[in-house]
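Take a look at the structure below.
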Number of protein chains: 2
Amino acid sequence: MVKLSLVEENYLKAIYHLSGHGQENVSTNAIALQIQTTPASVSDMVRKLAKKKVVEYTKYQGVNLTNEGTKMALRIIRKHRLWEVFLVKELKFHWDQVHDVAEQLEHIQSPLLIQRLDEYLGFPKFDPHGDPIPNEHGEIEEKPKLTLSSLKECESGIIAAVKDTSAEFLKYMDKIGVYLGAQVTVMDIEQFDRSQEIEIDGAKRIFVSKQVSENILITQ
Amino acid sequence: MVKLSLVEENYLKAIYHLSGHGQENVSTNAIALQIQTTPASVSDMVRKLAKKKVVEYTKYQGVNLTNEGTKMALRIIRKHRLWEVFLVKELKFHWDQVHDVAEQLEHIQSPLLIQRLDEYLGFPKFDPHGDPIPNEHGEIEEKPKLTLSSLKECESGIIAAVKDTSAEFLKYMDKIGVYLGAQVTVMDIEQFDRSQEIEIDGAKRIFVSKQVSENILITQ
DNA sequence: AATATTTTTTAGATTAGTTTAAATTTAATA
DNA sequence: TATTAAATTTAAACTAATCTAAAAAATATT
C-alpha cells in the first residue's frame, strides 16, 4: 500500500467528496476550488497521484478514484468522523467547532489509535452531523435511498439517483431542473393523483406526477 | 507571537531537551543527532529560528532558547504529555506505545482542544513517565533537586547542577569525570566520613568526599 | 464550421527543508 | 606555538508543493 503525504491525503479526500460518492470524473477546476489552490497545482498533483495508482487520470478529462484510492479516502474520512464524535461527545465541543480540528486530527497515523478510539466511543455509526462513519476496511454504509414519492408534505431530501435512466426521462429531468445533488422539499401532495409540488434548492417550484416521483431516488 | 512550522516546532523541542532545562548553549551536532538530520541543516534552521527571536545564536557557539522560545517549547511539551496521559489512561495504551503517536498529536493547533483535554483528564500534573506537565503559560514545575550526599546506597540520579561554581570546583568535577546530565549511582557509603563511592554512567567508579557530594545537585 | 470562451496543461520560478561536499573556525595536542 | 582533528558553516543542488503567465485543448456560440 502506497504512502501519501498530508497534502496528497487532502487531495484524495477532496476528490472523494466531489465525485458525489460515485465514479464521475472530477474536474481540475473543481478540485482547485475545493482545496483553495490553483488548477495548475492540481494538474501536477493529479499526475503524481495517478502514478501512485490512487486515481485514474486522462489529460483534460478529469480524475476519478481507483478502488485503492477510494479506500484510502474513506479511511481518512473515518478518522475525521471518529474524532468529531470524540470532540462533541467527550470534550463537549459544539458541532460547528469541530471541523478545523478534525481536519488536523484526521492525518494522525496510528491504526491502533483509531481502533482504540472507535472502541472507546462505543463503535459509533454516525458523526455529529449525521454522516456515516466508514469501517476500518474503507467501506461505508450508504444512506438508504428512498423514492421521492415516499416523502410526505414538508419533508425534503437530496437527489441521489434515478430508476429510469432512459434518454427521454433524463431529458425531462433536465428540463424541469432536477439534477443530482439538488435539495428537494415536498410542498404539497395532491391526494387525487398523488402528484407533488416540489421546491428545488429552496427556489424554483415544479409539479411532478406520481410516475415521475417514483423514479427519482433521494437520500436524507 | 510568531508562528512556527511543524519542523520548526521539532527543532525547538529538541533544543529544549538538549539544553538540560537550563541555558547552556546547545551544539549544532547535538541537535542534528537528536532529530536525525545533518549539522548543515541545523545551521540553516537555527539562523531562521534566531530571526524569529525564539533562539539566541552566535556562529560556532551553539544556540539557546529565548524566554519566548522556552515558552513555546513548553507549550508543545505540554500537549505531548497531556496526549500521553489520554492515551494511557483512557485508551489503555501501554506506556511504551505512546511516544510516536504523541509526537504527532503534539502539533495539533487548537488551544480549545488542549484546554478541554486537560479538563477532561482532571488537570493531571505528570505524564505516564512521571514527567511534569507544563501549564498553559509555558511554565513547568521543576523536579526538586537533591544533593548527591542525600542519596542512600544503591540510589541514583542525574547530575543537574552544582552549588559551588568556583573554577577550582568545576575543574575538579571535570577531572573526576562528573558532568551535567551524567547518571550517578551510589555504590557504597563510608560511615566514618560519609564519603561515597559512586558509579558514573554505569561505567567509571570514583570516590567523593562529603564536602564534594554536598555541592552536587541531582534530580531523580 | 469558424470563432470565442472557458478549462486545463506546460513552463519557469519560488519557498521550506533537506543533502553532500568543500571551506572555515574552534578545540586539542604535541 | 604550530599542527592536527573535530565541529560548524557555506555553497550548490535536490524534492515537494506551490504560484504566475503563457500555450493548448475542449466547449460553447454564432
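Here the structure is a predicted model, which means the values were calculated and not measured. Reminder, nothing fancy here: chain letters follow the sequence lines and each chain counts from 1. Scope of the values below: all heavy atoms of this structure, side chains included, with no hydrogens, waters or symmetry mates.
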Taking the side chain of [X] as its heavy atoms from C-beta onward, which of [options] lies nearest to it?
{"X": "A:Met45", "options": "D:dT18, C:dA21, D:dA7", "value": "D:dT18"}
{"X": "B:Thr38", "options": "C:dT18, D:dA26, C:dT20", "value": "C:dT20"}
{"X": "B:Val7", "options": "C:dT18, D:dA26, C:dT20", "value": "C:dT18"}
{"X": "B:Tyr57", "options": "D:dT9, C:dT19, C:dT9", "value": "D:dT9"}
{"X": "B:Ser41", "options": "C:dT18, C:dT10, D:dA11", "value": "C:dT18"}
{"X": "A:Tyr11", "options": "D:dT18, C:dT9, D:dT10", "value": "D:dT18"}

(message) Quick one: does any side-chain atom of B:Gln97 pair with a main-chain N or O of A:Leu112 as donor and acceptor, under 3.5 Å?
(response) no
(request) Would you confirm whether B:Asp118, through its side chain, and B:Leu121, through its main-chain N or O, come within 3.5 Å as a donor-acceptor pair? (result) no
(message) For A:Lys59 and A:Gln36, find the nucleotide of DNA chain D closest to each by heavy atoms; which residue's nucleotide sits nearer the 5' end?
(response) A:Gln36
Below 4.0 Å: OP1/OP2 of [N] and any side-chain N or O of [X]:
{"X": "B:Thr28", "N": "D:dT9", "result": "yes"}
{"X": "A:Ser43", "N": "C:dT10", "result": "no"}
{"X": "A:Tyr60", "N": "C:dT6", "result": "no"}

Return the value, rounded to whole Å, for the distance between atom [atom1] of [X] and atom [atom2] of [N].
{"X": "A:Gln61", "N": "D:dA24", "atom1": "CD", "atom2": "C1'", "value": "14 Å"}
{"X": "A:Ile31", "N": "C:dT7", "atom1": "CD1", "atom2": "P", "value": "14 Å"}
{"X": "B:Asn29", "N": "C:dT26", "atom1": "CG", "atom2": "C1'", "value": "13 Å"}
{"X": "B:Leu33", "N": "D:dA7", "atom1": "CG", "atom2": "P", "value": "11 Å"}
{"X": "A:Glu8", "N": "D:dT18", "atom1": "CD", "atom2": "C1'", "value": "14 Å"}
{"X": "B:Asn25", "N": "C:dT26", "atom1": "CG", "atom2": "C1'", "value": "14 Å"}
{"X": "B:Lys3", "N": "C:dT15", "atom1": "NZ", "atom2": "P", "value": "21 Å"}
{"X": "B:Asp44", "N": "D:dT8", "atom1": "CG", "atom2": "P", "value": "15 Å"}

(message) My understanding is that only one of A:Leu113, A:Leu117, A:Ile114 makes a side-chain contact (heavy atoms from CB on, under 4.5 Å) with A:Ile108; could you say which?
(response) A:Leu113
(message) For B:Glu139, is the CD atom crowded, meaning more than 12 foreign heavy atoms sit under 6.0 Å from it?
(response) yes
(message) Other residues, nucleotides and ligands only: do more than 12 of their heavy atoms fall within 6.0 Å of NZ on B:Lys52?
(response) yes
